[in-house]
Amino acid sequence: MLPSDNKQGSLLDRLTESVVRRIAGRTSRRDVLTKLGGAVAAVPTFMLLPVSRAGAATAKPKAMTPFGAKAQAKDELACDYWRYCAIDGNLCSACGGGVHTCPPGTAPSPTSWIGSCYNPQDGASYMIAYRDCCGQDSCNEVTCLNTDGDQPTYRPMANNDIIWCFGTGTSEMYNCSTAAVVGKAS
Amino acid sequence: MLPSDNKQGSLLDRLTESVVRRIAGRTSRRDVLTKLGGAVAAVPTFMLLPVSRAGAATAKPKAMTPFGAKAQAKDELACDYWRYCAIDGNLCSACGGGVHTCPPGTAPSPTSWIGSCYNPQDGASYMIAYRDCCGQDSCNEVTCLNTDGDQPTYRPMANNDIIWCFGTGTSEMYNCSTAAVVGKAS
Amino acid sequence: MSLMTLPHLCNPKGRRTAFLCSLLTGVALLAATATARADEPILQTEQSDVTTLAPWSPHTILVVDAVYQHNKDGRAYVIDADKGRLMGMVQAAYNANVTLTPDASHFYVGETTWERGNRGERNDLLAEYDARTLKITADEKLPSRALVTPKRNDLAISADASRVYVYQMSPGSGVEVVDTATHKVTQTVDVPGCALIYPWGNSGFSSLCADGTLANVSLGADGKPSMTHSAPFFEPDHDGIFEQSPSVTKDGKAWFISYTGKVYPTTLGVNATVEKPWSLQEGAGMKAAPDSAKPFEVTWRPGGWQMSALHKSRHELYVLMHKGTFWTHKDAGSEVWVYDTETHKRVRRMVLPVASPMVGVTQDDNPLMFATDEETGDFFMLDAKSGKLLHKMKALGGALIFTVAPGEG
Amino acid sequence: MSLMTLPHLCNPKGRRTAFLCSLLTGVALLAATATARADEPILQTEQSDVTTLAPWSPHTILVVDAVYQHNKDGRAYVIDADKGRLMGMVQAAYNANVTLTPDASHFYVGETTWERGNRGERNDLLAEYDARTLKITADEKLPSRALVTPKRNDLAISADASRVYVYQMSPGSGVEVVDTATHKVTQTVDVPGCALIYPWGNSGFSSLCADGTLANVSLGADGKPSMTHSAPFFEPDHDGIFEQSPSVTKDGKAWFISYTGKVYPTTLGVNATVEKPWSLQEGAGMKAAPDSAKPFEVTWRPGGWQMSALHKSRHELYVLMHKGTFWTHKDAGSEVWVYDTETHKRVRRMVLPVASPMVGVTQDDNPLMFATDEETGDFFMLDAKSGKLLHKMKALGGALIFTVAPGEG
């Protein structure tokens, strides 16, 4: 059964899918796990967000989601701060850390989920890596649940439910989330 | 320095004190620990409560504490139920257990702190053993803090801050408190 | 234990025992004296005991509390939903999952602890509980498990209760198969690019995949897994399928619900078949909701955490609905819309006392429906046929995220 | 760790590393591409880092949260009380105790965990933290520790920070002495019939005893303990001494406060001397409160959990007061009454924003005072000289039971 017919996937969609299936076809199961994980998780997630598609065509893209249209760029301690468009959890900026800084005594995960957020200040959209800070249980100062581009765990790098504490050198105990700019999305 | 002069300790007070000191004087340190613990903790705690003293003189003693004067004997799920005069914590009766019954999956401690509570139904005071149920973390349905006769931890069997989970065969994790009648106090 | 057990305890084996014995003897002697002295022993000296639950009724349920603010103290409550009373609780630590056997005699908790609380050796555990004593009957250490806000489909059980499936992400995707007779992990099945467990029959499960397909894993008689993939039937970034979509283990029927409100009737199995989807909005006489390409359109949409429940014998699909734009798929539902899974029509619409992120139903003829208030932790028990509020437990927990009732799955 | 550390991470050692490497490389390459493509790189690609605290000011404090509802997730918060901001937190599990070194460079957390959360091997731990990095610098397993709602005097440190004392009740009473250089327990001193630790000097402490005496333990140069007892000076069942009474480690000065409001000025030491008590009520121009023999009399009384604090250089004793009968010694205080410890007179009376079970003060010349709302977990920072509210942190925690400020003790 094919997807609904009223829209066609973008070139990128189809490309990604075919890459994924090619990898899956010709490598060992163990390799598939690794490569597929990387490919599916890292590549399409932010590239397929509305922002990145529409943004490619216009010089000054506008906010492409309801969150982005209302986001602000001044208060890093509020849930509507523009970078937090897909954050789910405690703001590290309210826990002793900063937007891309972990509180003392925790460690940032080298892995993360990725969002694409619209910055109202410069009218550009950016790829945001939501790196969790780990090693202490939940810091509960300011808790947000934003879901722009949030997809289920079968698209792990677009999923904000996962405890992204792999490889921190601490326990995988979630303290708070940061939102680091890792590139321009548009 | 002696206690304030405006009152004399009861015979029992003085007896207990001398017993304690005698034990302390003639036994080994290890034995003192054991015996002193038992004597100091178990004996004077409830015997010295106002209820037991005054009660001895009258046929139908009245409530000797503000808690007792307002206590009720109908609702085991409320903090002013008469047996709960010295309870501190979660009522097992609201956690799946009963006044002297532990919820499933927990175990009662063979040790406890002891209170002396006035029962408005029969006008008598009873010794109540507050046995904790242990093995699960705090059940938070109905939490009470009553302090009739509550003394600091240097009088352990009159203290309701201690996790009374010694010897339960489970972890010493506190779930809730029961209030079992173990004798008449007056 | 109680005063009755004194002789047993007072067999001194050391300092600690001696101390306990001493404490107990003191109390016991005084209690005896006091009782003997009393002219009218009105209240009897009471023993301490531990209660056991009655066999579970269709309205005895588990409520899973993830306790977001103190994750390591997650727990599962046993609730008598006819009375709105707590019957007991067990630990369900750090984003735990819970599943109940079809006969409701046992349940399993997949949980994670660290030896020193937030540090030290990690323990991924599958604890098996007797549902009436709430005692642990097995406590197996697992190779790993997925640490993710708890979802029903991260832990599942086969129709005959012979296997428990544990979803892992370490960080590669896999499913551990636990033999419930031996309590051992017999194998870990890699499910690359896929996630979650929708069990079917006694020896199979499906997972949803990033490429829009279903991966169908069959465990052979020799225990070896084989995997098939369905054709892709959805596009995750345009209109993802909710992980909390309901399914039935025995016959493999599933209803995969998408963000926009499409329902894909599916029969899980080696050759899983996905039917043409129907629309929640169209079933309610409205037009279908647009997908992520038109994210600003406000309409009624499914959403929440455990955003759907199924009443099997009544063929009813319960869905939490709210008014919102696209990307509000985790917003709590202000109403529950009930659909006939055969006619695809909405048969009821019930307004909740407060918007809820989760909905549950019991499987009997007079079903109860469950909801919660995220802010207060209140737990609501409603008549599933009318939506009438029957009981409310105030502040039952910190983050009540789903219920488990006998006969589900 | 961050993208900068890629070369280190991408030295594949196994499945997990390879996967991480793959994830990272994907992101890094795309990030690089995206950045290169951008005409105007307005925002730079950011590295992840971890912050370190500035050296502690007199207003950098620890707030201990026992989290009664989820005890195993107790924690200690580091607060910048000048700004009312959270600077970091560390685990303080299951009725933990916390003590700070005199130079505020390190602090100790005495805590308890079980290997499997609520079951398995019990670990009683003394964790030492660097106060600026909040990293653990030692994590010693203890023989035991007392499990009791946390009190300041269940964990203490000597004046020269060479020893940490851990109160244990297993169930016999004892004090473990930890050498802070070697991080080893050098001995456990039995304190039969006594409890708590009021440290004095570099090698001694006193405990309060059930018979109304002080037990004074001196640790000799050879490490051997010797104990003396004071004469009895109070009667626990008539008028107990609050465990949370304040003391000064350096000179052994202590102010033992009784339930009725008597203050016993004491000099701790081998030959501890307890002076004639003065009355909180009399110091405020009222008559003294009666003891447990007249439990119905309503008057102003000291009470709460951490019901007292001391400002050493100002010779001020802060006491939480409430109106009530006897046996209300744990009621929250609606006011703080401040006494001059030399004149025994009340010098100030401050009404709190809401009745608080705890009070704390900083030790500088412009001291702050701390209080909490039990219901909401709000934390209040007030001017200790005027009682004026300066900052309020909403819902900081679940059960804020005491503060620890530099220079106390």
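Order of the sequence lines fixes the chain letters, A, B, ..., with proteins taken first and strands second; residue numbering starts at 1 for each chain. Computed over heavy atoms, backbone and side chain alike; hydrogens, waters and symmetry mates excluded.
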Legend entry - Greater than 12 external heavy atoms within 6.0 Å of D:K141's NZ: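 Counting other residues, nucleotides and ligands, NZ of D:K141 exceeds 12 neighbours.
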Legend entry - CG/B:D75: more than 12 non-hydrogen atoms of other groups inside 6.0 Å: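 Atom CG in B:D75 is crowded, with more than 12 foreign heavy atoms closer than 6.0 Å.
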Pairs of heavy atoms under 4.5 Å with chain B: top-ranked of [options]:
options	answer
D:K151, D:R116, D:R119, D:H229	D:K151
D:G240, D:C209, D:S230, D:G324	D:C209
D:W305, D:F242, D:Y167	D:W305

Please classify the contact of [X] with chain B as side chain, backbone, both or neither, using a heavy-atom distance under 4.5 Å.
X	answer
D:L196	side chain
D:Y94	side chain
D:D331	neither
D:Y259	side chain

Between [atom1] of [X] and [atom2] of [Y], what distance do you get to the nearest 0.5 Å?
X	Y	atom1	atom2	answer
B:Q151	D:D239	CD	CG	10.5 Å
D:Q69	B:N90	CD	CG	8.0 Å
B:T153	D:E243	OG1	CD	3.5 Å
D:E121	B:S171	CD	OG	13.0 Å
B:E172	D:T112	CD	OG1	8.5 Å
D:W327	B:D148	CH2	CG	7.5 Å

Inset, instruction - Could you tell me which residues satisfy ring-ring contact (aromatic ring centres under 6.0 Å, His included) with B:Y174, sequence neighbours excluded, listed by chain and number? - result: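 ring-ring contact (aromatic ring centres under 6.0 Å, His included) check on B:Y174 returns nothing, list empty.
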Inset, instruction - Sort B:T170 into side chain, backbone, both or neither according to what part of it lies under 4.5 angstrom from a heavy atom of chain D. - result: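 For B:T170, there is no contact with chain D at all, as no heavy atom is under 4.5 Å.
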Legend entry - Which atoms of B:A86 approach chain D - backbone, side chain, both or neither, heavy atom under 4.5 Å: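 Interface part for B:A86: neither.
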Legend entry - Intermediate values then yes/no, side chain to side chain contact (heavy atoms under 4.5 Å, CB included), D:L147 and B:I162: CA-CA 6 Å; D:L147 296 184; B:I162 297 166; over 6 Å; no
Short question: side chain of [X], backbone of [Y] - any donor-acceptor pair under 3.5 Å?
X	Y	answer
D:H329	B:D150	yes
D:N118	B:Q136	no
B:D137	D:K72	yes

Inset, instruction - Would you name the heavy atoms of D:P295 and B:P66 that are closest together and state the gap between them? - result: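 In terms of heavy atoms, the two residues are closest at O-CG, 3.6 Å.
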Legend entry - Considering all heavy atoms, the nearest B:A69-D:F296 contact: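 Minimum heavy-atom contact is CB-CE2, 4.0 Å.
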Inset, instruction - Apply the test side chain to side chain contact (heavy atoms under 4.5 Å, CB included) to residues D:T325 and B:F67: give CA-CA distance (whole Å), side-chain angles for both, the deciding distance (0.1 Å), then the verdict. - result: CA-CA 10 Å; D:T325 64; B:F67 179 95; over 6 Å; no
Inset, instruction - For side chain to side chain contact (heavy atoms under 4.5 Å, CB included), just list the numbers for D:N95 and B:I163, CA-CA rounded to whole Å, side-chain angles, deciding distance to a tenth of an Å, and then say yes or no. - result: CA-CA 9 Å; D:N95 295 297; B:I163 306 289; 3.6 Å; yes
Legend entry - chain D contacts, top residue of B:N140, B:D88, B:L145 (heavy-atom pairs, under 4.5 Å):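 When all of B:N140, B:D88, B:L145 are compared, B:N140 has the most.
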Inset, instruction - Could you tell me whether B:R155 and D:D211 have a side-chain N and a carboxylate O separated by less than 4.0 Å? - result: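 Looking at D:D211 together with B:R155, the answer is no, because their closest N to O distance does not fall below 4.0 Å.
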Legend entry - B:Y154: which of D:S207, D:P236, D:C194 passes side chain to side chain contact (heavy atoms under 4.5 Å, CB included):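 Between B:Y154 and the candidates, side chain to side chain contact (heavy atoms under 4.5 Å, CB included) is satisfied uniquely by D:P236.
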Inset, instruction - Would you kindly say whether D:K330 and B:N146 are connected by a side-chain donor-acceptor distance under 3.5 Å? - result: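 Judged by distance alone, the side chains do not pair up.
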